[in-house]
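Just so it is clear, the model here is predicted, and its values are computed rather than measured. Quick note: numbers below take in every heavy atom, side chains included, and nothing from hydrogens, waters or symmetry partners. So you know, we letter chains A, B, ... as the sequences are listed, proteins then strands, and number each from 1.
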There are 2 protein chains.
Amino acid sequence: MTAEAGRTFVNEGDSADNFFNITSGTARLFKSLPDGRRQITGFAGRGHFLGLAVSNSYAFSAEAIEPVQYCRFSRIKLRQMLDDFPALEKRLLEVASNELVAAQEQMLLLGRKTARERVASFLLSRKLETAACISTTPHVHLPMTRSDIADYLGLTIETVSRTLTSLKADKLIGIPHPAEIVVLNQTGLAAQAGGYN
Amino acid sequence: MTAEAGRTFVNEGDSADNFFNITSGTARLFKSLPDGRRQITGFAGRGHFLGLAVSNSYAFSAEAIEPVQYCRFSRIKLRQMLDDFPALEKRLLEVASNELVAAQEQMLLLGRKTARERVASFLLSRKLETAACISTTPHVHLPMTRSDIADYLGLTIETVSRTLTSLKADKLIGIPHPAEIVVLNQTGLAAQAGGYN
DNA sequence: AGACGCATTTGACGCAAATCAAAGCCGCAG
DNA sequence: CTGCGGCTTTGATTTGCGTCAAATGCGTCT
């Protein structure tokens, strides 16, 4: 199936009938508060699994940032597949463990890092993600808006923008285009990210 | 095995050779930054599984808050058990999914909630946890220190203390003892927690 | 009982990031 | 080409929470 940019294809609170696997594009996963405050819990790209809920309603929403292609399975179908292919279960457990580790890292970022550390950490993790597909380029592509980045890092768009400008002023990054970042000094940027990672 | 209060039995970065299952007591799970800043990612009580890492080093540390009793399995032993009892794998996937949902909720708290909302949310989630064991009492027991609560909520001990005092002043809770909270007005407290939950 | 040590509370002040506001920048439709 | 509407950047000001500091409470050891 396909979702054009901006389309919400999973809605927090809805009955969790389906399970998804993204085959191309990028989606934002988020939770919202009644007054509209939003926390993006992650960006889901190619290969990402979605909707592994034990509860019977989704705990998050998912929206396409870029056009997204995905496979959709009913929960019943998923259960069948899990029975037929035990290896799939092993794989899902592996994926879930990794996401859990990423979630804990993000909690550290949200709870204890400064704005500068958050943005630097974000750029580095994005760079890793990009480098996994393409080879080792210093270029990082950001398909999401500043608003998405802010809601992912627990900041405001203004703070994200100012921090990027500041990193640029310190010659750690270049910003040829708002959606394109060049890492000029990886070591220096890592030093600003406040951690071992 | 047993760990007395304060004992660290899992160390972030160490080789992830073992897998744990807590049988009694409470432990804090946390990640640290080089300069000592700490983010507690969760509190592990009876039945909690620990150390489900794909990577070969632990992504977090674990310390006993109260004396903790736990079972320890080598990773090899765990793999054997997973092969022998496929139901265990199903169970672990279930547990991991639930933790993932909890982690996302915590990201929302850390990224977007105010100090008051964080503390209120924390008390309510603790109350649920306690109510699961004992019946429905308005009493919430906090085995952890203010410092632990602060590091869990992304705040300082002073802010946690002030916020509790403020909630008490508003007659939403009572504090007979620093480690004992009485929820006087559950609905009112939920309204301060800033969410559906 | 007395006193030491540690956790917690309370108070005064400062600052990083939020908020409020306005000016670019850029892609796109006409 | 030109004007509109969006995202982004930059600037001025405010504020919630952090920091620094001191007092209070309480369990424990002698």
Ignoring hydrogens and angles, write down the donor-acceptor pairs under 3.5 Å from the side chains of residues 79-93 of chain B, residues two or more places apart or on other chains.
residue: B:Asp83; atom: OD1; partner: A:Lys90; partner atom: NZ; Å: 3.3
residue: B:Lys90; atom: NZ; partner: A:Asp83; partner atom: OD1; Å: 3.3
residue: B:Arg91; atom: NH1; partner: B:Glu94; partner atom: OE2; Å: 3.2

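- Taking five base pairs at each end of the helix from C:dA1-D:dT30 to C:dG30-D:dC1 and finding the rotation axis that steps the C1' atoms of four pairs onto the next four gives two axes whose angle is 30°, to the nearest 10°.
- Residue pairs meeting the salt bridge (charged side-chain N to carboxylate O under 4.0 Å, His left out) criterion with at least one partner in residues 145-157 of chain A, sequence neighbours excluded, are A:Arg28-A:Asp148, A:Arg38-A:Asp148, A:Arg38-A:Asp151, A:Asp151-B:Arg112.
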Subject >> B/S/- contact track for nucleotides 3-19 of chain C, protein heavy atom under 4.0 Å >> reply: -----SBBBB----SSB
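- Summarising the hydrophobic clusters (Ile, Leu, Val, Met, Phe, Trp, Tyr; side-chain heavy atoms under 4.5 Å, direct or chained), the residues clustered with B:Val101 are none.
- For B:Ser121, the side-chain hydrogen bond (donor to acceptor under 3.5 Å, both in side chains) criterion is met by B:Lys113, not counting sequence neighbours.
- The ring pair (Phe, Tyr, Trp, His ring centres under 6.0 Å) analysis of residues 44-64 of chain A, with sequence neighbours excluded, yields the pairs A:Phe19-A:Phe49.
- Residue pairs meeting the salt bridge (charged side-chain N to carboxylate O under 4.0 Å, His left out) criterion with at least one member in residues 5-16 of chain B, sequence neighbours excluded, are B:Glu4-B:Arg7, B:Glu12-B:Lys31.
- Bracketed by its first and final contacts, the part of DNA chain D lying under 4.0 Å from non-hydrogen atoms of chain B reaches from D:dC17 to D:dG27 in 5' to 3' order.
- Ion pairing between a basic and an acidic side chain is recognised when a charged N comes within 4.0 Å of a carboxylate O; A:Arg37 and B:Glu117 show such pairing.
- Contacts classified as ring pair (Phe, Tyr, Trp, His ring centres under 6.0 Å) and involving residues 168-192 of chain B (residues at least two apart or in different chains) are not found.
- Under the side-chain hydrogen bond (donor to acceptor under 3.5 Å, both in side chains) criterion, B:Asn21 pairs with no residue, sequence neighbours left out.
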Pairs of donor and acceptor atoms involving the side chains of residues 160-168 of chain A, under 3.5 Å and at least two apart or interchain, shall be tabulated with distances.
residue: A:Thr163; atom: OG1; partner: A:Thr159; partner atom: O; Å: 2.6
residue: A:Thr165; atom: OG1; partner: A:Ser161; partner atom: O; Å: 2.9
residue: A:Ser166; atom: OG; partner: A:Arg116; partner atom: NH2; Å: 2.4

